[in-house]
Undergrad: 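There's a structure below that I have some questions on.
Keep in mind it's a predicted model, so treat the numbers as computed, not measured.
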Amino acid sequence: MTTDRPNMMTIRQIAKTGLLSEHALRLMLRAGKLPAIYIGKKALINYDKLVDQLESLDVDVSQMPEQK
């Protein structure tokens with residue numbers, strides 16, 4: 001019997017992957033935008049759901065202003 005366990009990671013572990021910065025992840029967590037559970041004060045984020053969530057964003061970078 002195989003069960004698919006979610007890949008749960010801390011904010012620091014996800015930031016080390018280069019997906020998002022630690023600061024951005026903490027802001028998203030505070031806003032309730034991350035698929036996370038709490039174990040005491042530590043938040044564990046479902047990495048696979050986060051990646052799916054970010055991939056589903058429809059962003060048109062051609063309309064973004066250039067940064068100097």
Undergrad: So if you build clusters from Ile, Leu, Val, Met, Phe, Trp, Tyr with side-chain heavy-atom gaps below 4.5 Å, do L50 and I37 land together?
TA: no
Undergrad: Identify the residue among V51, L25, L20, L34 that makes a side chain to side chain contact (heavy atoms under 4.5 Å, CB included) with I14.
TA: L25
Undergrad: Using 0.5 Å steps for rounding, measure from the CE atom of M9 to the CG atom of L19.
TA: 9.0 Å
Undergrad: Quick one: list whatever passes side chain to side chain contact (heavy atoms under 4.5 Å, CB included) with D52, sequence neighbours left out.
TA: E55
Undergrad: Quick one: CE on M28 to CD1 on I45, what's the gap to the nearest 0.5 Å?
TA: 8.5 Å
Undergrad: If I compare all heavy atoms of S21 with all of A15, which pair ends up nearest, and what's the gap?
TA: C-CB, 4.3 Å
Undergrad: Linking I/L/V/M/F/W/Y whenever their side-chain heavy atoms sit closer than 4.5 Å, directly or via other members, would I39 and Y47 fall into one cluster?
TA: no
Undergrad: If a pair satisfies salt bridge (Lys or Arg N to Asp or Glu O under 4.0 Å) and one of its residues is in residues 15-43, list it, with sequence neighbours excluded.
TA: R12-E22, E22-R26
Undergrad: Which residues pass the side chain to side chain contact (heavy atoms under 4.5 Å, CB included) test with S56, not counting sequence neighbours?
TA: none
